[in-house]
2 protein chains.
Amino acid sequence: MSTNTADSYSISELAQEFGITTRTIRFYEDKGLLTPQRRGQTRVYTPEDRVRLKLILRGKRLGFSLDESREIIDMYDPAHGNVEQLNRLLDRIDAKRQQLRQQQRDIEKMLAQLDDATARTEAALKEHSN
Amino acid sequence: MSTNTADSYSISELAQEFGITTRTIRFYEDKGLLTPQRRGQTRVYTPEDRVRLKLILRGKRLGFSLDESREIIDMYDPAHGNVEQLNRLLDRIDAKRQQLRQQQRDIEKMLAQLDDATARTEAALKEHSN
DNA sequence: GTTGACGTTTACGTTAACGTAAACTTTAAT
DNA sequence: ATTAAAGTTTACGTTAACGTAAACGTCAAC
């Protein structure tokens with residue numbers, strides 16, 4: 001467990017903090033989403049690893065696949081060389097933006113729908129008090 | 001195909017309109033999300049069926065499972081009898097609202113991240129013009 | 001020195017959401 | 001009549017994202 005110096009985490013610390021299993025974290029590593037260091041055989045996670053994990057889980061809440069989350073995370077680091085690649089990156093970023101905007105609209109509509117459902121249900125409840 | 005009187009649709013009409021396969025539509029029926037009528041052996045979809053399909057796909061874009069989408073769709077119809085059930089329904093509706101609000105926050109953060117990514121990428125591009 | 005908590009690898013199992021294909025029927029058009 | 005297009009059922013296949021279990025190592029504590 002080691003004293004949490006706040007610049008390294010064990011796998012179970014992260015698992016507990018985010019409410020997931022260690023299996024899940026190792027799975028993400030298998031898929032290349034995390035690449036922790038090793039102290040001997042044991043995985044050691046940096047704050048950057050933790051941030052990546054956070055981003056993965058955020059993507060998950062939005063219904064993204066691990067591949068999509070990986071793509072988004074990689075977008076933040078334009079270490080990709082030539083001009084053409086950078087332009088394609090800009091396009092992919094824009095595409096994701098469009099997708100998120102669509103999701104925003106979908107959420108708005110669904111929230112309105114829920115308001116409607118609440119109203120109807122409360123109406124049904126008032127019926128019962130008669 | 002039949003003349004589209006706008007009050008009934010064939011399975012392939014719906015498939016084409018929403019960019020999915022007929023297999024998918026039949027699968028949703030298998031899962032109890034759609035219950036079209038039959039003209040002989042052939043499925044005939046009403047505008048209400050079409051709306052349900054639309055809601056399913058909206059849920060899908062938000063990362064919902066079919067079970068979740070079914071739940072949300074069913075929320076709109078409080079045909080459920082007693083007071084206790086109605087109160088539980090109100091709770092479930094509220095829970096969904098919370099979830100959608102969380103998604104809104106996630107989207108905001110991710111959009112900010114994308115803006116950041118765009119800025120960085122454009123900066124990297126300007127580097128190339130030197 | 002053994003127990004228990006935590007870590008590791010390897011591997012098979014499971015569920016959701018369809019894809020794909022076969023084998024057949026019905027309807028529309030040539 | 002014979003295609004061609006669209007429909008049907010049945011059933012096996014596939015992928016993603018883990019769950020579950022076995023079998024083992026390590027190390028601090030009693």
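Below, read A as the first sequence line, B as the second, and so on, with proteins coming before strands; counting in each chain starts at 1.
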Is the shortest distance from a Lys or Arg side-chain nitrogen in Asp67(A) or Lys31(A) to a carboxylate oxygen in the other one below 4.0 Å? no
Could you state the CD-C1' distance from Gln41(A) to dC24(D), rounded to the nearest angstrom? 10 Å
Taking 4.0 Å as the cut-off, does a side-chain nitrogen or oxygen of Ser10(A) come that near to OP1 or OP2 on dG7(C)? yes
Can the positive tip of Arg120(A) be found less than 6.0 Å from the middle of the six-membered ring of Tyr76(B), inside 45° of the ring normal? yes
Roughly, in whole Å, what's the span from CD1 in Ile20(A) to C1' in dG19(D)? 14 Å
Hey, does the side chain of Arg70(A) come within less than 4.0 Å of dA17(D)'s phosphate (OP1/OP2), counting only N and O? no
Between Thr121(B) and Thr118(B): side-chain donor-acceptor atoms closer than 3.5 Å: no
State whether a side-chain donor-acceptor pair under 3.5 Å links Gln104(A) with Arg101(A). no
Nearest to side-chain heavy atoms of Thr21(B), which nucleotide of dG19(D), dG19(C), dA6(D): dG19(C)
Do Gln85(B) and Arg88(B) have a side chain donor and acceptor closer than 3.5 Å? no
Mind running a 4.0 Å heavy-atom check of residues 23-33 of chain A against DNA chain D and sending the residues that fall below it, in number order? Arg23(A), Thr24(A), Phe27(A), Tyr28(A)
Nucleotide nearest Leu66(B) (side chain, heavy atoms from C-beta), chosen from dC6(C), dA17(D), dA17(C): dA17(C)
Would you mind telling me which of dT8(D), dC6(C), dT9(C) lies closest to the side-chain atoms of Arg43(A)? dT9(C)
Between CG of Leu34(A) and P of dC18(D) the distance, given in whole Å, is 12 Å
dG7(D), OP1 or OP2 - any side-chain N/O from Ser12(B) closer than 4.0 Å? yes
Does atom CD of Gln37(A) have more than 12 heavy-atom neighbours, drawn from other residues, nucleotides or ligands, at distances under 6.0 Å? no
